[in-house]
**Student:** 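Just dropping this structure here.
Chain identifiers are assigned alphabetically (A, B, ...) following the order of the sequence lines, protein sequences preceding nucleic acid strands; residue numbering begins at 1 within each chain.
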Amino acid sequence: MAQAVKRLFPDAKLAIGPAIEDGFYYDFDIPKKLTPEDLPRIEDEMNRIISEDLPIERREVRREEAIQLFRNKSERFKVEMLEEIDDERVTIYSQGEFFDLCRGPHLSRTGRVRAFKLLSLAGAYWRGDESREMLQRIYGTAFDSEKELNHYLGAREEALRRDHRKLGVELELFSIRDEIGPGLVIYHPKGAVLRTVIEDFLKKEHAKRGYQLVISPHIMRRDIWATSGHLQMEYPMYFFEIEGQGYGIKPMNCPAHIMIYKSRTRGHRDLPLRFFELGTVYRHERSGVLHGLLRVRGFTQDDAHIFCTMEQSEEEINNCISFAFEIQRIFGFDTFRIALSTRPEHFVGTHEDWEKATETLKKALESNELDYFIDEGEGVFYGPKIDVKLRDALGRWWQGPTIQFDFNLPRRFGMAYVGADNEEHTPVMIHRTVLGSLERYIGILIEHYAGAFPLWLAPVQVVVLPIADRHVTYASEIVGKLRSRGIRAEINQERETTANKIRKAWQMKIPYMIIVGDNEQNSNTLSVRSLSGKDERGLDLKQVIDDLLDEIESKAIRKA
RNA sequence: GCCGGCGUAGCUCAACAGGUAGAGCAGCGCACUUGUAAUGCGCGGGUUGGGGGUUCGAGUCCCUCCGUCGGCUCCA
């Protein structure tokens, strides 16, 4: 591709162009601004290069020699890269008039490229550094056969169909509107039901495990954010004044939980203390990063802070880990990728604290026999953390739970407990979530299930469809009975054909349709049609209710 | 925030190279009383994201702001 770009745009300067998970990209500095219309042109040129079937040659040269080579072509990015490479020898691949610095390996000839497609254009900073120049990046992908390429492109379309932003509107779950503001979610009735179901479930599960529910205000004095260190870290917050006093909208819930801890003297027998809050926080995210429910400015975390002794911390973290995975499995996720993030460049606290905390997290992961990888320098400023990524039905990875160690806040807030030795000690603090944020998690669920939620989560579980007006009374009775058993049921009494009512229920991904006409009314039975199209007739209402309740209770996962 | 694309009715989209906006779905009304993925007819609906400019004339061209999409950086 780079060769094609160089042929079409001789002024283009090559930056970097690696292979990525499902394709490749290349960054260029081109005076002309590329538009999507340029992609087919570049593809044409690429096809020409493929049909030329140029041999691809690997050559090993001294670093100095390579620098000279690229300097002659005034490829400043390549020169910059070479100047920072430690190896004395580097490899250069060439094909026809084109050559590039690359570790390899490559195909033997350009004619070996089978199926490829350029996908998109994007801006990208040179070396990913915000302060460096913006380059133009071209994304593409390549496969061994047209078939595989088409399969990949099909998967991309499927992902588009499942896009939670699209489904969120179609299924009337939520919206984000200009008038309200970017990154601010309004939940419509159906979305609010979904969220409430998740919240109630979380509250119950936390109570089971010894967490205490707490609630804290959305705004807190500016000073407390100085104590916590958010101010000094220039955390992206919103600030304002009330009667001359500075306030900030909370971007985290920790200070309030710490205040609850500090509301009385704590002894070692009080610990561990586990405070859980569905805490709505606001963060001033930069406009370019907002993305549907996955990245918003206001969101609710299923947040908890555990205060304990150093000795207790390992067990507490173990429990957090098993809690998180248990819940994730119930929601239908069973494949994970776990990252342990270590000390970042900017941090508070001492080196020793960081090491101790990181070790504890490591030990907890290892004792749970979980595979993980180390994300060097990716910790939060206040402590190292474990991040869990979830794999969805389409094989994509999403940010899920996080468990963060914190030696710093307890010290900053002067927290203490009286130990068995009758001396004051500083407790250890653990921040953790099970889902992450409700907004993001709901977004992930929508995409994972393509909107067809398991019964226990479905905003509308059953829709009752009377065939004609004379069946409405009977249908309403059924709805009433379902509702009295806590089943979320609705009636569609539009004067429409049954086929159309079924189509609408199907579009709304309602798990079950109960259809009643003369046959059912006369025999006091029902017909049940499932979302997947299964059709059963002459059923008994009591039995249907029991079956529905069983399925809800079991939180069974259905295939989307 | 940065680079680029886009912004027409609630939704999906149309309107030749500038000549004062159209369709389907949805909504409303009427008819139909219906048996498992769209019944028919009719009606209403837009100061073309906001503001400014060029022009006799702007949805169309230019500037600017806002939003959004794809990335980068950042992140629950």
**Student:** Which value, in whole Å, describes the distance between the C1' atoms of nucleotides B:rG59 and B:rA17?
**Tutor:** 16 Å
**Student:** Quick check with a 6.0 Å cut-off and a 45 degree axis cone: is A:R337 positioned over the face of A:W397's six-membered ring?
**Tutor:** yes
**Student:** Paired with B:rC28 by Watson-Crick or G-U wobble geometry, both distances under 3.5 Å: which nucleotide is it?
**Tutor:** B:rG42
**Student:** Could you check how far CD of A:Q521 sits from C1' of B:rG35, rounded to whole Å?
**Tutor:** 14 Å
**Student:** My understanding is that a pair needs two contacts under 3.5 Å, Watson-Crick or G-U wobble. By that rule, which nucleotide pairs with B:rC2?
**Tutor:** B:rG71
**Student:** Within a reach of under 6.0 Å around CZ of A:R132, are more than 12 heavy atoms found that belong to other residues, nucleotides or ligands?
**Tutor:** yes
**Student:** Identify whether any heavy atom of A:D387 sits under 4.0 Å from a base atom; if not, whether one sits that close to sugar-phosphate; answer base, sugar-phosphate or nothing.
**Tutor:** nothing
**Student:** Are A:E376 and A:R343 close enough for a salt bridge, meaning some N to O gap below 4.0 Å?
**Tutor:** no
**Student:** Establish, for the pair A:R195 and A:Y187, whether the NZ or CZ atom is under 6.0 angstrom from the six-membered ring centre and no further than 45 degrees off its axis.
**Tutor:** yes
**Student:** Quick check on RNA chain B: between A:D163 and A:T35, whose nearest nucleotide comes earlier from the 5' end?
**Tutor:** A:T35
**Student:** Taking any heavy-atom pair under 4.0 Å as a contact, classify A:K385: base, sugar-phosphate, or nothing.
**Tutor:** sugar-phosphate
**Student:** By a 5.5 angstrom centroid cut-off and a 30 degree plane limit, is there stacking between A:F299 and B:rA76?
**Tutor:** yes
**Student:** Would you check if the side chain of A:E447 reaches a backbone N or O of A:H164 as a donor-acceptor pair within less than 3.5 Å?
**Tutor:** yes
**Student:** Go through the N and O atoms of the side chain of A:E520 and the base of B:rG35, and report whether any donor-acceptor pair is under 3.5 Å.
**Tutor:** yes
**Student:** Take atom P in B:rG5 and the same atom in B:rC61, then report the distance between them in whole Å.
**Tutor:** 13 Å
**Student:** To the nearest Å, give me how far apart CD (A:E130) and C1' (B:rC75) are.
**Tutor:** 13 Å
**Student:** Looking across every strand, which nucleic acid part, if any, lies under 4.0 Å from A:E439 by heavy atom: base, sugar-phosphate, or nothing?
**Tutor:** nothing
**Student:** Go ahead and name the base partner of B:rU34; Watson-Crick or wobble counts if both distances stay under 3.5 Å, otherwise write none.
**Tutor:** none
**Student:** Nearest heavy atom decides the nucleotide; on that basis, is A:G288 or A:A499 closer to the 5' end of RNA chain B?
**Tutor:** A:G288
**Student:** Roughly how far apart, to the nearest Å, are B:rG19 and B:rU55 at atom C1'?
**Tutor:** 12 Å
**Student:** Please state the P separation for the pair B:rC74 and B:rA15 - nearest whole angstrom.
**Tutor:** 41 Å
**Student:** Going by modelled atom types, is there a donor-acceptor pair between the base of B:rU36 and the side chain of A:R503 at under 3.5 Å?
**Tutor:** no
**Student:** Both distances under 3.5 Å, Watson-Crick or G-U wobble: report the partner of B:rU12, or none.
**Tutor:** B:rA23
**Student:** Distance check needed: B:rC72 C1' versus A:D29 CG, whole Å only.
**Tutor:** 15 Å
**Student:** Can you confirm if the NZ or CZ of A:R209 lies within 45° of the ring axis of A:F323 and under 6.0 Å from the centre of its six-membered ring?
**Tutor:** yes
**Student:** When the P atoms of B:rC66 and B:rG10 are considered, how many whole Å apart are they?
**Tutor:** 24 Å
**Student:** To the side chain of A:I467, which of B:rG35, B:rA76, B:rC72 is closest?
**Tutor:** B:rG35
**Student:** Do A:Y449 and A:R162 get their side chains close enough for a donor-acceptor pair, meaning under 3.5 Å?
**Tutor:** no
**Student:** Could you please name the option among B:rG35, B:rA76, B:rC2 that lies closest to any side-chain atom of A:S437?
**Tutor:** B:rA76
**Student:** In whole Å, measure the gap between the P atoms of B:rA26 and B:rC69 for me.
**Tutor:** 27 Å
**Student:** Determine the contact category for A:E179: base if any of its heavy atoms lies under 4.0 Å from a base atom, sugar-phosphate if only primed atoms, P, OP1 or OP2 are that close, otherwise nothing.
**Tutor:** nothing
**Student:** Using both distances under 3.5 Å as the test, list the Watson-Crick or G-U wobble partner of B:rG7, or none.
**Tutor:** B:rC66
**Student:** Taking donor-acceptor contacts at under 3.5 Å, does the side chain of A:Y125 reach the base of B:rG71?
**Tutor:** no
**Student:** Find the distance A:Q136:CD to B:rC72:P and express it as a whole number of Å.
**Tutor:** 15 Å
**Student:** Run the salt bridge (Lys or Arg N to Asp or Glu O under 4.0 Å) test against A:E45 and tell me which residues pass, sequence neighbours left out.
**Tutor:** A:R7, A:R48
**Student:** Atom CG of A:L171 to atom P of B:rC11: distance rounded to whole Å?
**Tutor:** 16 Å
**Student:** If you take atom types as modelled and just measure distance, does the side chain of A:R127 reach the base of B:rC72 with a donor-acceptor pair under 3.5 Å?
**Tutor:** no
**Student:** Kindly point out which of B:rG35, B:rA37, B:rA76 is positioned nearest to the side chain of A:R283?
**Tutor:** B:rA76
**Student:** Where the side chain of A:V289 is concerned, which of B:rG35, B:rC75, B:rU73 is the nearest nucleotide?
**Tutor:** B:rU73
**Student:** Give one of base, sugar-phosphate or nothing for A:Y25, where a contact means two heavy atoms less than 4.0 Å apart.
**Tutor:** nothing
**Student:** What is the nucleic acid contact for A:G533, judged by heavy atoms within less than 4.0 Å: base, sugar-phosphate only, or nothing?
**Tutor:** nothing
**Student:** Picking from B:rA76, B:rC3, B:rU36, which would you name as closest to the side chain of A:T402?
**Tutor:** B:rA76
**Student:** Need the pair for B:rG59. Rule: Watson-Crick or G-U wobble, both distances under 3.5 Å, any strand; none if unpaired.
**Tutor:** none
**Student:** Is there a Watson-Crick or G-U wobble partner for B:rU48 with both distances under 3.5 Å, and if so, which one is it?
**Tutor:** none
**Student:** Is it true that A:Q399 and A:Y441 share a donor-acceptor pair across their side chains at a distance under 3.5 Å?
**Tutor:** no
**Student:** Can you tell me the distance, in whole Å, between the CE atom of A:M508 and the P atom of B:rA26?
**Tutor:** 14 Å
**Student:** Quick test of your reading of the model: are A:E277 and A:K250 salt-bridged, counting only N-O distances below 4.0 Å?
**Tutor:** yes
**Student:** Select one nucleotide: of B:rU36, B:rC75, B:rC2, the one nearest the side-chain heavy atoms of A:R295.
**Tutor:** B:rC75
**Student:** For the side chain of A:H291, starting at C-beta, report the closest nucleotide among B:rG1, B:rG70, B:rU36.
**Tutor:** B:rG70
**Student:** Tabulated below should be each protein N or O lying under 3.5 Å from an N or O of nucleotides 66-68 of chain B; please produce it.
**Tutor:**
unit_1	atom_1	unit_2	atom_2	d
B:rG67	O2'	A:D178	OD1	2.7

**Student:** Is the shortest side-chain heavy-atom distance between A:F201 and A:F331 below 4.5 Å?
**Tutor:** yes
**Student:** Compare the minimum distances between each of B:rU39, B:rU36, B:rC72 and the side chain of A:N500, then state the nucleotide with the smallest one.
**Tutor:** B:rU39
**Student:** In whole angstrom, give me the gap between the C1' atoms of B:rC41 and B:rG57.
**Tutor:** 39 Å
**Student:** Please report, rounded to the nearest Å, how far the P atom of B:rC75 is from the NZ atom of A:K389.
**Tutor:** 11 Å
**Student:** Between B:rU39, B:rU36, B:rC2, which nucleotide gets closest to the side-chain atoms of A:T497?
**Tutor:** B:rU39
**Student:** Looking at A:K501 and A:E496, is any side-chain nitrogen of the basic one under 4.0 Å from a carboxylate oxygen of the acidic one?
**Tutor:** no
**Student:** Take atom CD of A:E494 and atom C1' of B:rA38, then tell me their distance rounded to the nearest Å.
**Tutor:** 12 Å
**Student:** On a whole-Å scale, what distance lies between the C1' atoms belonging to B:rA9 and B:rG52?
**Tutor:** 26 Å
**Student:** Looking at every strand, decide which applies to A:Q507 at a 4.0 Å heavy-atom threshold: base, sugar-phosphate, or nothing.
**Tutor:** nothing
**Student:** At under 4.0 Å between heavy atoms, what does A:V296 touch on the DNA or RNA strands: base, sugar-phosphate, or nothing?
**Tutor:** base
